[in-house]
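To start, the structure itself, in structure tokens.
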Amino acid sequence: MSTDTTVSSLRQRMIEDMAGRKLGPHSQRSHIRSCERFAAFLKRCPDTATADDIRRFQLHLVEAGLSIISRNRIMTGVRFLFRVTLRRHDLAAEIYHLKEPQKLPLTMSPAEAERLLAMAGNLKVNAMLALGYGCGLRAGEIVQLKAGDIDSAQMIIRVVQSKGRKDRHVMLPQEVLSLLREWWKVRPTRYDADVPVRERWLFPGPRLGKHFTTRQLSRLFHKTARAAGINKPVSVHSLRHYSESLIMPSRLWMAVATCTLRPSYSA
């Protein structure tokens, strides 16, 4: 059997093992890329690796200047290969993880947050930013919201299968609910008019049946931050940390409410 055929067979077995354990698409891609990098370092099939090969590969990653997070992510994929697919627990035991530095998240001041909301380009952007501020949602949670996830009777948002494959409820402030209702009135329906209302994406993307992506949300956030004169290296996730750090001041809710009165809208 040729080396290419062996690698292809091993890759397929690993994909099946990951699917059988219900690893997410992102984790599967990451593990495959990590093992491909290991195979490129070895210049042969990973199932022929030795304990010394693993030791040299880990040193290679450190010498290459990779961050601790990237290095640990790669070795997690390699460890899955040896521990699960190849059943080589002796080699899996040779893999170690480095302790990641604990850093405080970068947050925005109330004044910066107020400027950010005031500079939201349209109702759609303002609604997404408000969900991050007012409800502490992650970027991926914001873009994957469906109409049925909003429970106005109990004033909660149901977050479905988010980080750690867990559902959870978050409080829904009245100001955010009002903003979402204004957005729903002008939300485009050309791609999902035949979809049941509760199953419609709250923020549909430009492609049929797809929701707005986290990358698109990130671009809008940075564009708004630049317009607001915020020069810190903040991201969409900073909205969540801001929400966790303090209760949103009333003047920020006033900024949210002001944006709901804007007549202009652009997708």
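Just so it is clear, the structure is predicted and the values come from calculations on it, not from any experiment.
- The ring pair (Phe, Tyr, Trp, His ring centres under 6.0 Å) contacts involving residues 43-68 comprise F38-F57, F41-F57, F41-H60, where partners must be two or more places apart or lie in separate chains.
- Cluster partners of Y191 are L208, counting Ile, Leu, Val, Met, Phe, Trp and Tyr whose side-chain heavy atoms approach within less than 4.5 Å, directly or via other members.
- Contact detail for P188 and P204: the closest heavy-atom pair is O-CG, 4.0 Å.
- Under the 4.5 Å side-chain criterion, counting only non-hydrogen atoms from C-beta, F82 is not in contact with R87.
- Annotation for L59: hydrophobic cluster partners, listed by chain and number, are none (ILVMFWY side-chain heavy atoms under 4.5 Å, direct or chained).
- Atom CG in D90 sits 13.5 Å away from atom CZ in R83 (nearest 0.5 Å).
- Ionic pairing of R187 and D192 is present here: one or more N-O contacts between side-chain nitrogen and carboxylate oxygen are shorter than 4.0 angstrom.
- Between the side chain of R21 and the main chain of D17, a donor-acceptor pair closer than 3.5 Å is present.
- Here M171 is tied into one hydrophobic group with I156, each link being a pair of ILVMFWY side chains closer than 4.5 Å.
- Formation of a donor-acceptor pair under 3.5 Å by the S162 side chain with backbone atoms of V159 is not found in this model.
- Between V176 and C135, the closest heavy-atom pair is CG1-SG, 4.3 Å.
- Between L239 and L137 the shortest side-chain heavy-atom distance does not fall below 4.5 Å.
- With sequence neighbours excluded, the residues forming a side chain to side chain donor-acceptor pair (under 3.5 Å) with S67 are S70, listed by chain and number.
- Of the inter-residue distances, the one linking H31 atom NE2 with R79 atom CZ reads 9.0 Å to the nearest 0.5 angstrom.
- For D53, the side-chain contact (heavy atoms from CB on, under 4.5 Å) criterion is met by L42, R44, A49, T50, R56, not counting sequence neighbours.
- Residue pairs meeting the side-chain hydrogen bond (donor to acceptor under 3.5 Å, both in side chains) criterion with at least one partner in residues 91-101, sequence neighbours excluded, are T76-H97.
- Linking ILVMFWY residues whenever their side-chain heavy atoms come closer than 4.5 Å, directly or via other members, leaves I68 and V78 in distinct clusters.
- You'll find the side chain of T214 stays beyond 4.5 Å of the side chain of V236, heavy atoms only.
- Atom-to-atom distance recorded for L23:CG and I15:CD1 is 12.0 Å, nearest 0.5 angstrom.
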task = Evaluate the side-chain contact (heavy atoms from CB on, under 4.5 Å) criterion for residues K124 and F203: first the C-alpha distance (whole Å), next the side-chain angles of each, then the deciding distance (0.1 Å), finally the verdict.
result = CA-CA 8 Å; K124 180 178 185 177; F203 302 105; 4.2 Å; yes
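- You'll find the side chain of L179 reaches within 4.5 Å of the side chain of L123, heavy atoms only.
- Atoms CE and CG, from M128 and L180 in turn, are 11.0 Å apart once rounded to the nearest 0.5 Å.
- In this structure, CE in M75 is found 11.5 Å from CG in L66, a value given to the nearest 0.5 Å.
- The nearest pair of heavy atoms linking R198 to K146 is O-CB, 3.8 Å.
- Put simply, V160 and V197 are part of two different groups of oily side chains (I, L, V, M, F, W, Y) that touch within less than 4.5 Å, one to the next.
- Grouping the Ile, Leu, Val, Met, Phe, Trp and Tyr side chains by contacts below 4.5 angstrom, directly or via other members, places V195 apart from F212.
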key: L61 vs R37, side-chain contact (heavy atoms from CB on, under 4.5 Å): CA-CA, chis, key distance, verdict   = CA-CA 10 Å; L61 295 180; R37 183 165 187 161; 4.0 Å; yes
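- Listed by chain and residue number, nothing satisfies the side chain to side chain donor-acceptor pair (under 3.5 Å) test with S152 (two or more places apart in sequence, or in another chain).
- Within 6.0 Å of the CD1 atom in I69, the count of heavy atoms belonging to other residues, nucleotides or ligands does not exceed 12.
- When side chains are defined from C-beta on, I157 does not count as touching D151, because their heavy atoms never get closer than 4.5 Å.
- At distances below 3.5 Å, not a single donor-acceptor pair connects side-chain atoms of W183 with backbone N or O atoms of S178.
- Taking CD1 of I95 as the start and CD1 of I74 as the end, the distance is 11.5 Å to the nearest 0.5 Å.
- Side-chain contact between R73 and S34 is present, with heavy atoms from C-beta onward closer than 4.5 Å.
- Proximity of C35 to M14: side-chain heavy atoms (C-beta onward) are separated by under 4.5 Å at one or more points.
- One finds no salt bridge joining E16 and R13 here, because no Lys/Arg side-chain nitrogen approaches an Asp/Glu carboxylate oxygen to under 4.0 Å.
- Taking the charged nitrogens against the carboxylate oxygens, E141 and R158 have no contact shorter than 4.0 Å, which rules out a salt bridge.
- In this structure, the side chains of L86 and L10 come closer than 4.5 Å at one or more pairs of heavy atoms.
- In this structure a side-chain-to-backbone donor-acceptor pair under 3.5 Å is missing from W201 to V143.
- A distance-only check finds a donor-acceptor pair linking the side chain of R200 to the backbone of A193 [under 3.5 Å].
- Applying the side-chain contact (heavy atoms from CB on, under 4.5 Å) rule to R29 yields the partners P25, H26, R33; only residues at least two apart in sequence or on another chain are considered.
- With sequence neighbours excluded, the residues forming a side-chain contact (heavy atoms from CB on, under 4.5 Å) with P233 are L106, listed by chain and number.
- Every residue two or more places apart in sequence or in another chain that forms a side-chain contact (heavy atoms from CB on, under 4.5 Å) with E112 is listed here: M108, S109, R115, I230, K232.
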Could you go through residues 215-227 and list every donor-acceptor pair under 3.5 Å that involves a side-chain atom there, pairing it with any protein atom two or more places apart or in another chain?
residue	atom	partner	partner atom	Å
Q216	OE1	T213	N	2.9
Q216	OE1	T213	OG1	3.2
T224	OG1	L220	O	2.8

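- Looking at every heavy atom in both residues, L91 comes nearest to I54 through O-CD1, 3.5 Å.
- For CG of D52, the number of neighbouring non-hydrogen atoms (other residues, nucleotides, ligands) closer than 6.0 Å is greater than 12.
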